[in-house]
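A quick write-up on the structure given underneath.
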Amino acid sequence: MDDHHNLRDLYANIRSESIKYLMNKYQAMIVEKSDTSHKYPITLQIKVCIAESDIKLLLSLPFNFPDSFPEVKLEEQSFNSLYPIPHLSSYKTLCLFDDVVASPNPYNPLGILDAAIQKAKELLLKGILHQNVQEYTEEFETYWLEESKGSYLSIIEPSESPKEIFLVPFKYTNWNQSGIFSDQKSDALNWIQNLGGNISEDDIAKVLYIPLLKSMDFPFPKCNRDIYQLLKNNKLALKALSQYLTKCKRPSKVLFSVQSNNEYSWGVWEHQKPFKKVILQYKGRRRVKTNVDGFRKETQHGWLEIVKEFPNMEIIKYSIEDVRAIRLKKRGGDGKTNNNKRKVAIVGCGALGSHLTQGLIDIGIEHLLLIDHDTLGFENINRHLCGASDVGNYKTEAVKKRLRKHYPTSQIHVCNDNVLSLLENNPKALNSYDLIIVAISHSPTELRLNDLQMKNLITQPIINIWVEPYLAGGHAVWSNPEDKISLNSLFEDSGAYKNQILKDGNKYTKKELGCNTSYVPYGVLELKKFIIDIMLFIEQQLNCKNSTSRTLTWLGNLTEQKKHKRLLAPKWVGATDFSLRLHDIENNQKSVD
């Protein structure tokens, strides 16, 4: 086989050339060559002189070099003489390149080696000369993590002053985090329950949160005295800490945040139970001291403890993962939060409704009410959001379970009943929601809800959404309550929708053997294309101050319909595949009894 088509030989040849290059240019020496280590099969040592110091670099070539950057570490003695400096981890590794913004040029492997060595020398020089100390602040969480003894999650909302919060311990399979911090205990419990974790309710504790007024300087605090120095100019925080330590038993955790450029970094320090050995003046005897002088045993005084009596008591550090929805959307999305407080009710959790719920979460709406009386069957799962493991469960419960495990901060409620039954018992049940989505393709129910809206019994916007067979098209009708839109006026006397795309949509409805087995054929891929455009329409309408009642017509793959001889309504014969039509609805109110 040609070497250029054999990946193993290709990498081996480049690795061989790279070794020769490093030996000739940098007098590198092979210190480790392994046929069993697949990730880094070879490591070379390179001596460099930086700021009059001789330093030994260990450069390891990855198995897929030059498609990945080499790893650069410091030899043990060099590491011990330099650590800590920015970008040098406790694992002796130098952080050279950010993989998100930098990629190696695979067509210039020798250039990659030069760049890695040059970058290592630059970082070491700046560290030795203390020219990049500020980067400890920029990479605070990374360095704090290296000194931490464990990790926690947090959904705490940052504040400008100290406050009492909750720590709820829990366990979840394959997670290292030991608990979650929250402003309200119920928020943490809901978050963990949504996820399916195991909660230790007996160990729930109140702890202190302190927002730091300035960033921590490196080296970071190691003992009580350092914490006092950190807070001594922040009287409010120091007072809160003193009171907290006075009333709480040790160990006592303190969650803190550091704000920089509108971003927050988080960490936890923990005060240990007071303990020190003292030498008595009388005969030089030793004893163990565990409480503040002048106080009864088991009583505490926070300020005296950290400042006077036990200033050298070591603090324990823990790392924090900020899992607030607003932070995750910013980190893994576009950062938009304008829909964060909105609430939406969805009537119908079939294929269309289930994907709409996912779409609502995608645009930042996490407070949902799901209404459907039906259970999930095997015939549903090919295009439903949920699958075979949920067959037999209510569709609402299946969707809720799926979404809450993915988005633990979501608040999803269900009603396993007909929407009209719900409104019969509680006429105002939907009025606390910002929008009511109806995705059931059931004209009598749609018309009844429209009638209730026109009579001001439903006071929120309603959007009816449905699709045509083979997803030749999809439709949405947005009606604002103040516009008094009669849904009936948008349909012909025959019952056909005026913007219908297929000339006779009912002709293409399918049916299996048995009663009540009719269904509308369409694929999930086309459905997802439709959902994307619908969600953009919904977001636009929600964020428009005076949103107009409108219709949306989504044209699917019309070429495919023509190919299969499915007749289109005359007005759509010349339309473009996968296009949209939006029309404002004028007040077309018919008489209402």
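Atom set for the values below is all heavy atoms of this structure, side chains included, hydrogens, waters and symmetry mates excluded. Just so it is clear, the model here is predicted, and its values are computed rather than measured.
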Is there a donor-acceptor contact under 3.5 Å from the side chain of [X] to the main chain of [Y]?
X: S148; Y: L145; answer: yes
X: N176; Y: S151; answer: no
X: R15; Y: L61; answer: no
X: H384; Y: V399; answer: no
X: Y21; Y: Y26; answer: no
X: N393; Y: A398; answer: no
X: K405; Y: L195; answer: yes
X: S18; Y: I14; answer: yes
X: E75; Y: S78; answer: yes
X: W144; Y: Y318; answer: yes

Just wondering, more than 12 heavy atoms not from N382 lying within 6.0 Å of its CG?
no
I want to check something: taking the side chain as every heavy atom from C-beta on, are [X] and [Y] in contact at a cut-off of under 4.5 Å?
X: L74; Y: L57; value: yes
X: I210; Y: L231; value: yes
X: V168; Y: W191; value: no
X: N543; Y: R342; value: yes
X: K329; Y: E366; value: yes
X: L113; Y: F65; value: yes
X: K222; Y: E147; value: yes
X: H87; Y: Y143; value: yes

Return yes if a side-chain donor-acceptor contact under 3.5 Å exists between [X] and [Y], otherwise no.
X: D577; Y: T559; result: yes
X: N339; Y: E539; result: yes
X: K121; Y: Q118; result: no

Looking at [Y] and [X], is there a salt bridge between them, counting it only when a charged N and a carboxylate O are closer than 4.0 Å?
X: K92; Y: E76; result: yes
X: D114; Y: K25; result: yes
X: K39; Y: E71; result: no

Which atom names give the shortest non-hydrogen contact between [X] and [Y], and what distance separates them?
X: L527; Y: Y522; answer: CD2-CE1, 4.0 Å
X: I346; Y: G353; answer: CG2-O, 4.3 Å
X: L123; Y: N132; answer: O-ND2, 4.3 Å
X: T409; Y: V323; answer: CG2-O, 4.1 Å
X: R324; Y: P158; answer: NH1-CD, 3.4 Å

Under the side-chain contact (heavy atoms from CB on, under 4.5 Å) test, residues paired with N64 that sit two or more places apart:
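Only Y11, P62, D67, S68 meet the side-chain contact (heavy atoms from CB on, under 4.5 Å) criterion with N64.
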Any chance you could lay out the side-chain hydrogen bond (donor to acceptor under 3.5 Å, both in side chains) test for E17 and N13, step after step, and finish with the verdict?
CA-CA 6 Å; E17 293 174 6; N13 289 337; over 6 Å; no
Taking the six-membered ring of F220 (Phe, Tyr or Trp), confirm whether the NZ or CZ of K317 is under 6.0 Å from its centre and within 45° of its axis.
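Ring-cation test returns no.
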Kindly determine whether Y244 and V207 satisfy side chain to side chain contact (heavy atoms under 4.5 Å, CB included), including the steps that lead there.
CA-CA 8 Å; Y244 169 64; V207 298; 3.7 Å; yes
Tell me which one of L22, I112, V72 satisfies side chain to side chain contact (heavy atoms under 4.5 Å, CB included) with I117.
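Running side chain to side chain contact (heavy atoms under 4.5 Å, CB included) over L22, I112, V72 with I117 returns exactly one hit, L22.
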Roughly how far apart are K253 NZ and E270 CD, rounded to 0.5 Å?
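With rounding to 0.5 Å, NZ (K253) is 4.0 Å from CD (E270).
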